[in-house]
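For reference, the structure I am asking about is given below.
Excluded from the calculations below are hydrogen atoms, water molecules and symmetry mates; all remaining heavy atoms, backbone and side chain alike, are included. Since the model is a prediction, treat every value here as computed from it, not as a measurement. Sequence positions, counted from 1, serve as the residue numbers for this chain.
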Amino acid sequence: GWIGLYLIGCVGVVYLLGSRLTNRLGGAVGAAWFAAHPLAVRLGSQALSDAFLAFLIALAALAACLLAARPSWGRTLILGSLLGLGALVK
């Protein structure tokens, strides 16, 4: 269902974030570690809002990385929106 898609999205975002901060190997190791982490596996089997929150936090981390690399009002708005949505979800 939707919960699994959010966690698959998290794996992709962790890969992008790790690749941006280190290199492609670092992104792949981080994504594999997240996918095999017991908490991620547990979240994938429960119908809770935590999986969506994890996805939003991962997106916010990527947005913060992009904002730090090239600041703009648009990127600031995206980061703030993701953090606000995360607060609303939980």
Side-chain angles (χ1 to χ4, degrees):
W2 289 103
I3 304 299
L5 291 177
Y6 292 135
L7 291 177
I8 290 170
C10 276
V11 171
V13 173
V14 167
Y15 171 78
L16 292 174
L17 186 60
S19 296
R20 185 150 184 89
L21 294 175
T22 60
N23 55 31
R24 288 178 19 199
L25 177 62
V29 169
W33 182 82
F34 178 80
H37 193 275
L39 182 59
V41 173
R42 184 174 176 204
L43 286 177
S45 66
Q46 297 176 343
L48 300 172
S49 64
D50 294 340
F52 187 47
L53 177 62
F55 179 63
L56 289 173
I57 289 172
L59 283 176
L62 182 60
C65 184
L66 295 173
L67 176 64
R70 203 172 66 193
S72 72
W73 284 110
R75 290 177 184 215
T76 304
L77 182 63
I78 290 171
L79 176 59
S81 298
L82 287 169
L83 293 174
L85 279 172
L88 286 173
V89 166
K90 198 58 182 171

Handout entry: Verify same cluster id: Val89, Ile8 (apolar side-chain graph, 4.5 Å)
Key = no
Practice task
If a pair satisfies side chain to side chain donor-acceptor pair (under 3.5 Å) and one of its residues is in residues 50-76, list it, with sequence neighbours excluded.
Solution key: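 Qualifying pairs: Asp50-Lys90.
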Exercise for the section: Indicate, with yes or no, if Leu85 and Phe55 share a hydrophobic cluster defined by side-chain heavy-atom contacts under 4.5 Å among Ile, Leu, Val, Met, Phe, Trp and Tyr. Expected result: yes
Exercise for the section: Find the distance between OH (Tyr6) and CG (Leu56) and round it off to the nearest 0.5 Å. Expected result: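 Atom-to-atom, Tyr6:OH and Leu56:CG are 8.0 Å apart.
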Indicate every side-chain donor-acceptor pair of residues 34-43 with a distance under 3.5 Å to a residue at least two apart or in another chain.
unit_1 : atom_1 : unit_2 : atom_2 : d
His37  : ND1    : Leu39  : N      : 3.1

Pairs under 3.5 angstrom only: tabulate donor-acceptor contacts from the side chains of residues 13-21 to other protein residues two or more places apart or in another chain.
unit_1 : atom_1 : unit_2 : atom_2 : d
Ser19  : OG     : Tyr15  : O      : 2.8

Exercise for the section: Keeping to residues at least two apart or across chains, list the salt bridge (charged side-chain N to carboxylate O under 4.0 Å, His left out) pairs with something in residues 54-66. Expected result: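 The answer is none; no pair qualifies.
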Handout entry: Heavy-atom closest contact (Leu82 atom, Ala63 atom, distance)
Key =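 Answer, listing the atom of Leu82 first, then Ala63: CD1-CB, 4.0 Å.
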Handout entry: Within one Ile-Leu-Val-Met-Phe-Trp-Tyr cluster: Leu7 and Val29, side-chain cutoff 4.5 Å
Key = no
Handout entry: For Leu83, all residues meeting side chain to side chain contact (heavy atoms under 4.5 Å, CB included), sequence neighbours excluded
Key = Ala60, Leu79
Handout entry: Sequence neighbours excluded - side chain to side chain donor-acceptor pair (under 3.5 Å) pairs with any residue from residues 53-65
Key = none
Practice task
Tell me whether Leu67 is reachable from Ile78 by hopping between hydrophobic residues (I, L, V, M, F, W, Y) whose side-chain heavy atoms are closer than 4.5 Å.
Solution key: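 As far as the 4.5 Å side-chain criterion goes, Leu67 and Ile78 are not connected within one cluster.
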